[in-house]
Colleague: 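Once you've had a glance at the structure underneath, I'll fire off some questions.
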Amino acid sequence: MQNRRDFLKTAALAGGALAVPMLGGCALGGSRPRGHVVVVGGGYGGATVAKYLRMWSERGVDVTLVERNPQFISCPISNLVIGGDKTMADITMSYDGLRSTWGVKVLQDSVTAIDAAGRKVTLASGGVLSYDRLVMSPGVDFMFDQVPGLETEAAQAVVLHAWKAGAQTVALRKQLEDMKDGGVYALSIPKAPYRCPPGPYERACLVANYLKQKKPKSKVLVLDANEEITSKKGLFTKAFEKYAGILEYRPNSELREVDAANRTAILEFDKVKADVLNVVPPQRAGDIAAKSGVKLINGRWVDINWQTFESVNTPGVHVIGDAIFPAPTMPKSGHMANQHAKVTAAAILNLLAGEAPNPAPVVMNTCYSFVDSKNVIHVTSVHQYDAEKKTVLPVPGSGGVSAAANEIEGKAAMAWARNIWADMLV
C-alpha cells in the first residue's frame with residue numbers, strides 16, 4: 001500500500017510539469033498586458049517562459065526567443081543515449097510549435113551583449129533587439145580553468161563531459177562502443193552544486209548496465225569529489241550494489257588535473273588511467289549571464305528575487321533555470337527550470353499590467369533516474385516562497401523518494417518526458 005501511495009504521489013507531481021504555479025492578476029484574466037519580452041536560451045526554462053507569456057497574455061505580449069541551436073535537445077533522458085537505450089532522435093524536438101501555435105519569434109542566434117539601462121540586446125549576427133523585459137535562461141557553462149590540463153579544445157575533444165546534450169552525447173557513446181572488453185570507464189563528478197544532482201550516478205548505472213551486457217570484463221570507476229552520493233543516496237547505493245564487480249564508487253576523489261593525452265585523472269593521492277575518461281567540470285551560470293552585469297554569488301550563480309526571478313541589481317532582467325543560485329534543497333533540474341519559467345511568466349505579465357506579482361509562489365520538482373534500461377527511481381519536492389526569509393523553502397511533509405527501483409516508474413519517467421516536452425514546445 002505504501003508503494004502505491006508513493007507512486008500516486010509521484011504521478012501527481014509528474015503532472016506538475018503542466019501545472020500552473022500560484023498566479024495573480026493578469027495571468028488569470030485581469031488587465032491584458034502589452035510589451036515585448038526577449039528570452040535568451042531555449043531550454044527547459046526559456047522555451048517554457050516564451051510559450052506561457054504568449055498563452056497567458058492571450059498573445060498580447062510579443063516574445064522573441066534567441067537560441068543558438070536549431071532544435072531543442074533534452075539533457076534529461078540523454079544518459080539513455082549514452083547507455084545505448086535511446087537515440088538522439090528520441091530526445092530532439094523542433095521549435096516549430098512555438099512559432100506556429102503560439103506566435104513566438106524564434107531566432108537562431110546568440111546574444112553577445114546586454115544593455116540593461118537601454119533595455120537592448122546585441123546579437124552575434126549584428127542585430128539589436130529592444131525589450132520591455134528580458135529573461136535569461138542560459139543554463140551552465142564549464143569552468144575548464146579549474147581543471148588543469150583540460151583548458152584546450154584539443155583536450156576537451158578527448159576527455160568529454162557530455163553534460164550538455166548534443167554532439168558530445170554521441171561522441172561519448174562512440175567512445176564506449178569502441179572501448180575494448182576489459183577496459184575502464186572513469187567518471188569524475190565535481191563538487192555540488194552542479195546541473196542535475198543525480199545525473200552522474202544515473203550515468204554510471206547506465207554505462208555499467210551496458211558494459212555488463214556487452215563487455216562484462218570492463219569496469220566503471222566513479223570518482224566523486226563529494227563526501228557521499230549527493231542525491232537519492234540510499235537508492236543509488238542499492239543500484240551500485242547491483243553492479244558489484246563492474247562498478248566501484250570512490251567518494252572524496254576530487255580531480256586535481258587531467259592528462260588528456262593519456263586519459264588519466266590525477267587526484268590528490270592517486271592517478272587513474274582510463275580507456276574512456278569522462279570529466280564533468282565545475283559549473284557556473286552561462287556566459288551571457290556571467291558577463292551581463294547581474295549580481296553573482298560566489299562568482300558563479302545569479303542572485304535573484306524569488307518572487308519574480310528578477311536580478312537583485314538589474315531591473316527588468318529576469319534569470320531562471322540552472323544559472324541561478326539555488327534556494328535551500330532546490331535542485332538544478334529541467335523540471336525546476338520549467339517551474340521557474342511559469343512563475344516568471346506570471347510575474348512579468350503582472351508587472352507589465354501594473355499589478356503586483358504573486359506574494360507566495362509555489363514550485364515543485366520531480367526527478368527520475370534510470371538505474372538500467374527499464375527500472376527507475378525518483379525524488380519529488382515542493383517549495384514555497386517565504387516572505388520573511390525572502391527565499392523559497394521546502395514545504396514540510398511534501399515530496400518523497402521511491403521505495404525501490406521499479407519498471408512502473410520507468411514508464412512514468414518516459415511519460416514525464418513526453419508531457420514536459422509538449423508543455424514547453426507544443
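Only heavy atoms go into these numbers, but all of them, side chains included; no hydrogens, no water, no symmetry mates.
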Colleague: Would you be so kind as to tabulate the donor-acceptor pairs closer than 3.5 Å made by side chains of residues 134-146, with sequence neighbours excluded?
Modeller:
unit_1, atom_1, unit_2, atom_2, d
S137, OG, G46, N, 3.3
D141, OD1, K164, NZ, 2.8
D141, OD2, D287, N, 2.6

Colleague: Between F72 and Y44, is a ring pair (Phe, Tyr, Trp, His ring centres under 6.0 Å) present by the stated rule, with each step listed?
Modeller: CA-CA 9 Å; F72 167 81; Y44 276 84; 5.4 Å; yes
Colleague: Could you give the distance from CD (Q283) to NE2 (H161), rounded to the nearest 0.5 Å?
Modeller: 9.0 Å
Colleague: When W306 is tested against each of D386, I324, V363, V343 for side chain to side chain contact (heavy atoms under 4.5 Å, CB included), which residue passes?
Modeller: I324
Colleague: Apply side-chain hydrogen bond (donor to acceptor under 3.5 Å, both in side chains) to residues H318 and E310 and explain how you reach the verdict.
Modeller: CA-CA 4 Å; H318 304 254; E310 193 168 8; 4.7 Å; no
Colleague: Report the C-alpha separation of K411 and E409 in whole Å, then their side-chain angles, then the decisive distance to 0.1 Å, and conclude whether the salt bridge (Lys or Arg N to Asp or Glu O under 4.0 Å) test is met.
Modeller: CA-CA 5 Å; K411 295 177 181 178; E409 290 197 35; over 6 Å; no
Colleague: Do you know which of P200, P190, P281 makes side chain to side chain contact (heavy atoms under 4.5 Å, CB included) with W163?
Modeller: P200
Colleague: Rounded to the nearest 0.5 Å, what separation is found between the CD atom of E67 and the CG atom of L98?
Modeller: 11.0 Å
Colleague: When you look at K242 and D372, which way does the salt bridge (Lys or Arg N to Asp or Glu O under 4.0 Å) test go after all the steps?
Modeller: CA-CA 10 Å; K242 171 183 174 181; D372 58 36; 2.4 Å; yes
Colleague: Find out whether P198 and C367 are in side-chain contact, i.e. whether some heavy atom of one side chain is under 4.5 Å from a heavy atom of the other.
Modeller: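 Counting from C-beta outward, P198 and C367 do come under 4.5 Å.
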Colleague: Decide yes or no on side-chain hydrogen bond (donor to acceptor under 3.5 Å, both in side chains) for D423 and Y52, but give the supporting numbers first.
Modeller: CA-CA 9 Å; D423 185 48; Y52 275 80; 2.4 Å; yes
Colleague: Are K332 and W301 in a cation-pi contact, defined as NZ or CZ under 6.0 Å from the six-membered ring centre and within 45° of the axis?
Modeller: yes
Colleague: Would you say that S110 contacts L123 through its side chain, given a criterion of any heavy-atom pair below 4.5 Å between the two side chains?
Modeller: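 No, every pair of side-chain atoms sits at 4.5 Å or beyond.
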Colleague: Could you go step by step and tell me if D115 and K120 meet the salt bridge (Lys or Arg N to Asp or Glu O under 4.0 Å) rule?
Modeller: CA-CA 5 Å; D115 175 5; K120 297 178 181 179; 5.9 Å; no
Colleague: Which of these, S78, P76, C75, sits in a side chain to side chain contact (heavy atoms under 4.5 Å, CB included) with I91?
Modeller: S78
Colleague: Checking T64 against H36: is there a side-chain donor and acceptor pair closer than 3.5 Å?
Modeller: yes
Colleague: Could you grab the distance from atom CD1 of I229 to atom OG1 of T237, nearest 0.5 Å is fine?
Modeller: 4.0 Å
Colleague: Looking only at heavy atoms, what is the nearest atom pair of L247 and C205, with distance?
Modeller: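 Nearest heavy atoms, L247 then C205: CD1-N, 4.4 Å.
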Colleague: Mark yes or no: R173 above the aromatic ring of Y210, with NZ or CZ under 6.0 Å from the six-membered ring centre and no more than 45 degrees from the axis.
Modeller: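 The answer is yes; both the distance and angle limits are met.
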Colleague: Got a second to check how far Y249's OH is from D224's CG, nearest 0.5 Å?
Modeller: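 With rounding to 0.5 Å, OH (Y249) is 3.5 Å from CG (D224).
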Colleague: Which residue pairs pass the salt bridge (Lys or Arg N to Asp or Glu O under 4.0 Å) test with at least one member in residues 182-199, sequence neighbours excluded?
Modeller: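 Listed by first then second residue: K191-E254, R195-D322.
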